[in-house]
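Have a look at the structure below, then the notes.
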Amino acid sequence: TAVIFQGGLTYNGTTFTAGSGSYSTSTVNLQTIGGSSSLYIPNFTCGGSLLTTFSGTISIDILGNGGNNTIVSNGGTLTVNTALTLNVARSYLTQKDNATLNIGGTLSLDSFSAGANGNTVKFTSTTAAQTVPGTAYYNLTIDKSGQTATLEDNITVGGNLTVQAGTLSTSASNYSITIGKDFIVQSGAVFTVGSSTIYLDPTQSGTITMNGNALNQLVIGGPSLNAYWKLDEASGAVADSSGNGNTGAVTGATQDAAQK
């Protein structure tokens, strides 16, 4: 049985049995789906031409679009387990402040905005590889034990980039990563850098924790370059190739010129 929401859904109860039917929002009214209780829906289609907003804690297996101009906003904790497909013309997925989006399957988007303050996007599939869209994120987490997430373009992470489990690859195209705060590769996780460059925002403070993973080129600076460390020394001081004289030093790791 198909269920079409005309005015959204607010769920504050204890038991919601979605069954195996399809759910969708109409193209007539703005819709908000959520509430104070966790909600699971197996198959959800967002109606085109109007905004659908998710709030609260919601888990959906398949989230798709119903037509052009599908606009989706996530303001809570949204988990998409199998497929998130918003790829028709002029379709948008936007993360709001402090929202969390867990992507457990395939991802196909026409436009994706994830730079809002405090929000987090997580790639979580442990059964298949995933691609990470080239966009601006605030927090980005890779948590996919035994699997790889691969960049499909350059990315900017205004907050923290965390490789919790599995592998983050910059791809054969060696896309760059710009990081605002912390860059953490947890023990047992893998960062495959290739010949990519990692840029750090000098206006913010952060920590780099690699746990044995290599960096290729690390550049400290924004529009005005403060330091450029090639990290190609076998030992000793780390030269600043920017000409600004900001020589660095390696602490808590082993230098290896072969990793340049």
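These numbers come from the heavy atoms of this one structure, side chains and all, not from hydrogens, waters or symmetry mates. Residues: numbered from 1 along the sequence shown.
By the 4.5 Å heavy-atom criterion applied to side chains, K96 and N119 are not counted as neighbours. Counting only heavy atoms from C-beta outward, the side chains of V238 and L231 approach each other to under 4.5 Å. For the pair L9 and L39, the minimum side-chain heavy-atom distance is below 4.5 Å. Contact annotation: the side chain of L200 approaches that of I208 to within less than 4.5 Å [non-hydrogen atoms, C-beta and beyond]. The shortest side-chain heavy-atom distance between Q130 and Q147 does not fall under the 4.5 Å cut-off. N154 is not listed as a side-chain neighbour of I177, based on a closest heavy-atom distance of 4.5 Å or more. In this structure the side chain of F191 reaches within 4.5 angstrom of the side chain of T170, judged on heavy atoms. Inter-residue side-chain proximity for T124 and I103 is flagged as unmet; no heavy-atom pair is nearer than 4.5 Å.
From L84, atom CG reaches atom CG of L101 across 6.5 Å, with rounding to the nearest 0.5 Å. Rounding to the nearest 0.5 Å gives a distance of 4.0 Å between OG1 of T197 and CD of Q217. Atoms OG1 and CG, from T77 and N98 in turn, are 10.0 Å apart once rounded to the nearest 0.5 Å. Here the straight-line distance linking atom CG of L63 with atom OG1 of T45 works out to 8.0 Å at 0.5 Å rounding. One distance of note links CG of D153 with CG of L151; it measures 8.5 Å at 0.5 Å rounding. A distance of 8.5 Å separates OG1 of T178 from CD1 of I155, quoted to the nearest 0.5 Å.
Applying the ring-ring contact (aromatic ring centres under 6.0 Å, His included) rule to Y40 yields no partners; only residues at least two apart in sequence or on another chain are considered. With sequence neighbours excluded, no residue satisfies ring-ring contact (aromatic ring centres under 6.0 Å, His included) with Y199.
N87 and S108 form a side-chain donor-acceptor contact under 3.5 Å, judged by distance and modelled atom types alone. Side-chain contact check for Q164 and D143: no donor-acceptor pair (N or O, by modelled atom type) lies under 3.5 Å. Side-chain polar atoms of D201 and T203 form a donor-acceptor pair below 3.5 angstrom. Counting only N and O atoms by type, the side chains of D61 and N81 include a donor and acceptor under 3.5 Å apart. Between the side chains of T25 and T52, at least one donor N or O lies within less than 3.5 Å of an accepting N or O.
Proximity of a side-chain donor or acceptor of N216 to a complementary backbone N or O of S196 within less than 3.5 Å is detected. Between the side chain of Q95 and the backbone N or O of G75 there is no donor-acceptor pair closer than 3.5 Å. Distance alone, capped at 3.5 Å, places no donor-acceptor pair between the S173 side chain and the Y175 backbone. The backbone N or O of I41 lies less than 3.5 Å from no partner atom in the side chain of Y23, so there is not a single donor-acceptor pair. No side-chain donor-acceptor contact under 3.5 Å links T17 to the backbone of G19. Judged by distance alone, with hydrogens and angles left aside, the side-chain atoms of N211 form a donor-acceptor pair with the main-chain N or O of V185 at under 3.5 Å.
The stretch residues 85-111 participates, sequence neighbours left out, in no ring-ring contact (aromatic ring centres under 6.0 Å, His included) pair at all. Sorted by first then second residue, the side chain to side chain donor-acceptor pair (under 3.5 Å) pairs that include residues 185-194, not counting sequence neighbours, number zero. Residue pairs meeting the ring-ring contact (aromatic ring centres under 6.0 Å, His included) criterion with at least one member in residues 52-86, sequence neighbours excluded, are F44-F54.
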*asked:* Does L168 form a side-chain contact (heavy atoms from CB on, under 4.5 Å) with L161? I'd like the steps, not just the answer.
replied: CA-CA 10 Å; L168 173 61; L161 173 58; 4.2 Å; yes
_Before you tell me yes or no, could you show the steps for S36 and N12 under side chain to side chain donor-acceptor pair (under 3.5 Å), namely the whole-Å CA-CA distance, both residues' side-chain angles and the distance that decides it to 0.1 Å?_
CA-CA 5 Å; S36 61; N12 300 321; 2.9 Å; yes
*Check step by step if side-chain contact (heavy atoms from CB on, under 4.5 Å) holds for N69 and S91.*
CA-CA 5 Å; N69 305 298; S91 292; over 6 Å; no
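The nearest pair of heavy atoms linking N213 to A189 is ND2-O, 3.3 Å. Of all heavy-atom pairs between I220 and P202, the closest is CG2-CB, 4.3 Å. Among all heavy-atom pairs drawn from G35 and S55, the shortest one is N-OG, 4.0 Å. In plain terms, the two heavy atoms of P42 and S20 that are nearest each other are CG-CA, 4.4 Å. Between D97 and A116, the shortest heavy-atom contact is OD1-CB, 3.3 Å.
Tracing side-chain contacts under 4.5 Å through hydrophobic residues (I, L, V, M, F, W, Y), one never reaches I33 starting from I4; they form parts of separate clusters. When hydrophobic clusters are built by joining Ile, Leu, Val, Met, Phe, Trp and Tyr residues whose side-chain heavy atoms come closer than 4.5 Å, directly or via intermediates, V72 is grouped together with F5. By the rule that hydrophobic residues join a cluster once side-chain heavy atoms approach within less than 4.5 Å of another member, V88 and I71 end up as members of separate clusters. The hydrophobic cluster containing V132 does not contain V190, counting ILVMFWY residues as joined when their side-chain heavy atoms lie under 4.5 angstrom apart, directly or transitively. Following chains of ILVMFWY side-chain contacts shorter than 4.5 Å, one cannot reach L218 starting from I184, and the two form parts of different hydrophobic clusters.
The only option from T70, L109, N65 that meets the side chain to side chain contact (heavy atoms under 4.5 Å, CB included) definition with L93 turns out to be L109.
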Scan the side chains in residues 133-142 for donor-acceptor partners under 3.5 Å anywhere in the protein, sequence neighbours excluded, and list what turns up.
| from | atom 1 | to | atom 2 | distance (Å) |
| --- | --- | --- | --- | --- |
| T135 | OG1 | F112 | O | 3.0 |
| Y137 | OH | P133 | O | 2.7 |
| Y138 | OH | K181 | NZ | 3.2 |
| N139 | OD1 | N160 | N | 2.9 |
| N139 | ND2 | T120 | OG1 | 3.4 |

